[in-house]
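Notes follow the structure.
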Amino acid sequence: MPTKKVIAVLVASLFATSQIYAQGAAGAGAAKAGAVGGVSAGMVFAAVAAVAVVAAVSSGSGGAVAVAANSPSIATSATATATAAAATQTTATVTAASTANTNIAAGATTAGVTGNATVTATALASTTAATTATTAATAATTAAAHAAAAANIPIVGVVNLGVTICAAATTCTVKEVAGLNFAAAFAADSAAEAAIMAVNAAIAYRNAVLAAIGSGTVPASLATALTNLTTASTAANAAKAAATLASSSYTIALTALGTTGTVAPVVSGTTGTTGT
């Protein structure tokens with residue numbers, strides 16, 4: 001029998017098995033849960049098992065990819081992974097930007113311009129932006145963890161990091177899973193935007209110090225700051241790319257779940273020119 005036919009038979013039989021499981025586990029109640037959008041541990045397990053079997057039979061063929069793309073569990077995992085990546089890159093941005101802030105502050109002190117009003121204001125703004133980005137990265141990490149938990153209901157359940165993420169004891173509804181996906185995508189966007197703001201604030205701080213120095217000697221620490229700002233900018237752009245992926249993964253998850261939801265945000269910010 002051709003591979004595609006084998007796959008079709010397997011998918012059909014596994015689908016039928018999952019239906020039998022649902023009805024056998026809770027009778028009419030399970031069927032009703034499926035009708036209103038309940039996603040039970042058994043159903044998710046069956047879906048994942050189907051993907052695994054088809055993948056094994058097709059050995060990486062296009063059919064396996066198509067089935068996997070329509071799996072709510074895999075789609076949700078993709079959103080969670082992208083959000084976690086956005087959080088990681090945002091943290092990297094903050095690390096580099098904060099180091100740059102330290103370099104800039106040293107340069108301002110050496111040049112004797114710390115009393116300049118613009119320098120003082122931009123220094124505060126840069127520090128605040130870095131702190132905000134750190135908070136956003138933490139929130140994104142948590143949101144990613146919750147979305148990942150929803151993608152592994154049979155293993156993790158509905159309580160993650162001490163927080164109840166689904167109301168029922170053993171199931172999540174489609175809307176709950178969709179909501180967790182949106183929360184992750186939104187958090188990824190917020191983290192990326194905060195990362196970009198942190199970079200731009202540090203750039204503004206450095207530019208203010210340079211302006212205050214004027215034709216005077218530019219301390220070497222400001223050149224070091226430029227290197228760190230370049231690193232921060234690269235990380236911020238990576239966070240933006242990851243956030244964009246989180247948003248598209250969320251959209252795919254909605255389709256896989258067979259539902260609709262709030263449109264995911266798209267990162268609109270861009271990093272400024274780091275200067276010379």
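Along the sequence shown, the residues carry numbers beginning at 1.
- Checked by atom type and distance alone, the side chain of S221 pairs as donor or acceptor with a backbone atom of N103 at under 3.5 Å.
- Between A198 and A129, the shortest heavy-atom distance links the atoms CA-CB, 3.7 Å.
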Exercise for review: Under the side chain to side chain contact (heavy atoms under 4.5 Å, CB included) rule, what do T259 and K175 come out as? Steps first, then yes or no, please.
Suggested key: CA-CA 8 Å; T259 188; K175 287 298 183 182; 2.9 Å; yes

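- Cluster membership for L245 and I252, using ILVMFWY side-chain heavy atoms within less than 4.5 angstrom, is not shared.
- Without hydrogens or angle criteria, T91 side chain to T134 main chain gives no donor-acceptor distance under 3.5 Å.
- No chain of hydrophobic side-chain contacts below 4.5 Å, direct or via other Ile, Leu, Val, Met, Phe, Trp or Tyr residues, connects L254 to L180.
- Here the straight-line distance linking atom CE of M197 with atom OG1 of T128 works out to 10.0 Å at 0.5 Å rounding.
- We find the CG-CD distance between N181 and E176 to be 12.5 Å, quoted to the nearest 0.5 Å.
- Under the 4.5 Å side-chain criterion, counting only non-hydrogen atoms from C-beta, L226 is in contact with R206.
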Exercise for review: Decide yes or no on side chain to side chain contact (heavy atoms under 4.5 Å, CB included) for L222 and L210, but give the supporting numbers first.
Suggested key: CA-CA 8 Å; L222 292 182; L210 289 172; 3.6 Å; yes

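- The heavy-atom pair separating N116 from A212 by the smallest distance is ND2-CB, 3.8 Å.
- V267 and F186 fall into different hydrophobic clusters, defined by Ile, Leu, Val, Met, Phe, Trp and Tyr side-chain heavy atoms under 4.5 Å apart, directly or through other members.
- Closest of all the heavy-atom pairs between A195 and T93 is O-CG2, 3.5 Å.
- Residues S268 and E193 come closest through the heavy atom pair N-OE2, 2.8 Å.
- By the rule that hydrophobic residues join a cluster once side-chain heavy atoms approach within less than 4.5 Å of another member, L257 and F182 end up as members of separate clusters.
- A distance of 8.0 Å separates NZ in K240 from OG1 in T271, rounded to the nearest 0.5 Å.
- Here the closest non-hydrogen pair linking A137 and A87 is O-CB, 3.5 Å.
- The line from CD1 of I196 to CG of N237 is 6.5 Å long, rounded to the nearest 0.5 Å.
- Using a 4.5 Å heavy-atom cutoff, the side chains of I213 and P219 are in contact.
- For the residue pair T79 and Y250, the shortest heavy atom distance occurs at OG1-N, 3.3 Å.
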Practice item. Please test I203 against L229 for side chain to side chain contact (heavy atoms under 4.5 Å, CB included), starting from the C-alpha separation and ending with a verdict. Key: CA-CA 7 Å; I203 290 173; L229 285 175; 4.1 Å; yes

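- The one candidate from N200, T131, N101 that meets the side chain to side chain donor-acceptor pair (under 3.5 Å) condition with S126 is N101.
- The cluster map of Ile, Leu, Val, Met, Phe, Trp and Tyr, joined by side-chain heavy atoms under 4.5 Å apart, puts I104 and V119 in the same cluster.
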